[in-house]
Amino acid sequence: MASGSNSLVWFRKGIRIHDNPALEYAAKGSSYLYPVFVIDPRYMEPDPTAFSPGSARAGVNRIRFLLESLADLDSSLRKLGSRLLVLKGEPGEVLFRCLKEWDIKRLCFEYDTEPYYQALDIKVKNYASAAGIEVFSPVSHTLFNPADIIQKFPSLSDDMYGCFDETSEKNSGRPPSSYQSFLKIAGQPSWASSALLTTITSLPPVGNVENCGISNVPTLQELGYEESGQDELTPFRGGESEALKRLRGAMDDKEWVAKFEKPKGDPSAFLRPATTVLSPYLKFGCLSSRYFYQCIQDVQKNVKSHTLPPVSLLGQLLWRDFFYTAAFGTPNFDRMNGNRICKQIPWNADDELLAAWRDARTGFPWIDAIMVQLQKWGWMHHLARHCVACFLTRGDLFVHWEKGRDVFERLLIDSDWAINNGNWLWLSCSSFFYQYNRIYSPISFGKKYDPNGDYIRYFLPILKDMPKEYIYEPWTAPLSIQTKAKCIIGKDYPKPDHESPYDLQVHEWLMTQFDKIVVSHDTASKECKNKLAEAYELNKTRNGAVNEEDLKILRRKFEENQSQEPKSKRLKNKS
DNA sequence: CAGAGGTTGATCCT
DNA sequence: AGGATCAACCTCTG
């Protein structure tokens, strides 16, 4: 490109100034630079029919986080002599209009591996090349280029059998299916010991943008959302400035960084979370994962000893790349059907169970408190996510992981297509992880970290006066205690009734008859284990070719087993 | 094809 | 707090 012409940098993720190759390249030698963000109504427009405040695809917490991130980007750009140009509409159409209107010769945007952008970006690139516009689309969202990893990974079908199927021809490798093999292929990132940061001191000016429908970064209200109370909204503020502040805060405690062991974190810690809470900033690219990587490396160089992947802090960033690689290299990664790495399992399609889980009324306080934190904060600890995901799918309710995935995808401020789907595959024992006998107890897991139940008391204030002896299993509290705690189970707080619609009197009677609880996690989890064993068996005999009919037959069998042992009979057997 | 290992289970035991 | 045991899956390695 001849220097002295116009460039456009298109922000999607990568909402930052630091370590932003697309921005740097766009700025180099241009007379005018147009920094653009397109507000896609499909993602941002209020949808009153959704189950929570927000658009059709995103809860209001994440929309707000995005707007804050954009406002921060705009303010940073202004300090460099530029500004953010916000436009509304279908991104492709808006972009084509801008390219024409402003006579753009160079278009720069961060490469994105998600299916949505893969499809959109092909259109954009085709348009640009037909119009003689240079396109620069660097990989800067992840540590590695997922395509490189897949290329390097020896394809099973090529190596062992020397045959070529359609997939191996197109794609010489498949993504590694375990973290360890991923680490081995990935190695050190090429840039690990080189300087990433070129400090930008000024940017080319923005050209004439009159009559182009440019606006400032809108507020939630300007987008048509109603004002809501502070305590209904996430405590985490969006933006690059906030990300770097948070990063600095974490890195300052060198001991903590060096000793970080993810599985040892306390999921019930909420006043001071046990992790960095940098995930939402990584999701939107307010924080560069590569810069984060280098910061951790710096700390590790200066301490005597440190933890290692998979549990270390660096290991967490590598998990992110692991899931990005798996997601990029697996067709239909976000579905069970047609997903070659996903076990085919006849999950329930029970919308009532799903709604009880989603709306925090399962009757298990540990589970419900986590779901309230999800709705209010849009963030909860990784292990808390494990508990509710396990409970919904393979642990207790046997509801399809795709349903839970949808709820997380909407409500999490850090929801990330690759990572969210990857973790649901993991937790439901559909892929990556297969030890389905390891089930999180909705009662004892939380108790181990928080015996007093402070986390439950905070997010489920109705239970705030329940004595700690009963707070994880309030249905076991004698009625006198429930009365004193101003929380009658079955009236003020649900009893776990997804299996047993008993009235309170029967419930009370049962409490005198059994030392075990009425709706037993024990019973539900045992049934789930049996179902998973049968489903695994089916997958084995069908050798990865389970069809709709197979699943239907097995689903019918599960239903028959359940009706053979009705609730009343089950109780009589016990008494 | 056997054996080792797998980020984060629960329970009981010391 | 840490270890053994439970029951037992899959993937990777040699």
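These figures come from a predicted structure and were not determined experimentally. Just so we're on the same page: letters track the sequence lines, and every chain starts at 1. Below, each value reflects all heavy atoms present in this structure, side chains not excepted, and no hydrogens, waters or symmetry copies.
- The closest side-chain donor-acceptor pair between A:Tyr440 and A:His386 falls under 3.5 angstrom.
- In this structure, A:Gln180 does not reach the C:dT13 phosphate: none of its side-chain N or O atoms is under 4.0 Å from OP1 or OP2.
- To the nearest angstrom, C1' of B:dA10 lies 11 Å from CG of A:Asp522.
- Of the P atoms belonging to C:dC6 and B:dT7, the separation is 24 Å, rounded to the nearest Å.
- A:Arg385 places its CZ atom 18 Å from the P atom of B:dT8, with the value rounded to the nearest Å.
- In this entry the distance linking NE2 of A:His386 with P of B:dA10 reads 13 Å, nearest Å.
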Chi angles and distances behind the side-chain contact (heavy atoms from CB on, under 4.5 Å) call for A:Gln373, A:Tyr455: CA-CA 10 Å; A:Gln373 190 184 20; A:Tyr455 176 82; 2.7 Å; yes
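- Between B:dT11 and A:Lys448, no contact under 4.0 Å exists linking OP1 or OP2 to a side-chain N or O.
- A:Glu261 comes within 4.0 angstrom of nothing in the nucleic acid, heavy atoms only.
- The six-membered or imidazole ring of A:Phe65 lies away from that of A:Trp379, with a centre-to-centre distance of 6.0 Å or more.
- In this pair, A:Trp319 lays its aromatic ring flat on the base of B:dT7, centres within 5.5 Å and planes under 30 degrees apart.
- Taking each heavy atom of A:Leu143 and A:Ser289 in turn, the nearest pair found is CD2-O, 3.5 Å.
- Note on A:Lys184: only backbone sugar-phosphate atoms sit closer than 4.0 angstrom, heavy atoms only; bases stay farther off.
- If you take atom P in B:dA2 and the same atom in C:dA7, they sit 23 Å apart, rounded to whole Å.
- Atom pair A:Lys529:NZ and B:dG9:P shows a separation of 13 Å (rounding to whole Å applied).
- Stacking of A:Lys531 on the aromatic ring of A:Phe398 is recorded, both the 6.0 Å distance cut-off and the 45° axial limit being met.
- Contact annotation: the side chain of A:Ile150 never approaches that of A:Arg174 to less than 4.5 Å [non-hydrogen atoms, C-beta and beyond].
- Between A:Ile149 and the choices A:Ile185, A:Thr142, A:Asp321, the side chain to side chain contact (heavy atoms under 4.5 Å, CB included) rule is met once, by A:Ile185.
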What string of B, S and - do you get for nucleotides 4-11 of chain C, 5' to 3', if B is base contact, S is sugar-phosphate-only contact and - is no contact with any protein heavy atom under 4.0 Å? ---B-BSS
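- When the C1' atom is compared between B:dG5 and C:dA8, the two are found 14 Å apart, to the nearest whole Å.
- Note: CD1 (A:Ile443) to C1' (B:dA10) measures 12 Å, nearest angstrom.
- Between A:Leu183 atom CG and B:dG6 atom C1' there is a gap of 13 Å when expressed in whole angstrom units.
- For A:Asp550 and A:Arg542, the salt-bridge test passes: some basic side-chain N is under 4.0 Å from an acidic carboxylate O.
- A heavy-atom distance below 4.5 Å is not found between the side chains of A:His381 and A:Pro273.
- A salt bridge links A:Lys403 with A:Asp351: the closest approach of a Lys/Arg side-chain nitrogen to an acidic carboxylate oxygen falls below 4.0 angstrom.
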Taking Watson-Crick (N1-N3 plus N6-O4 or O6-N4) and G-U wobble (N1-O2, O6-N3), each under 3.5 Å, can you produce the dot-bracket string of DNA chain C? Use [ ] for crossing pairs and | for inter-strand ones. ||||||..||||||
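- Summarising the geometry, the separation between NE2 on A:His521 and P on B:dT11 is reported as 8 Å, rounded to the nearest angstrom.
- Computed from coordinates, the A:Phe433 CZ to B:dT8 P distance equals 7 Å when rounded to whole Å.
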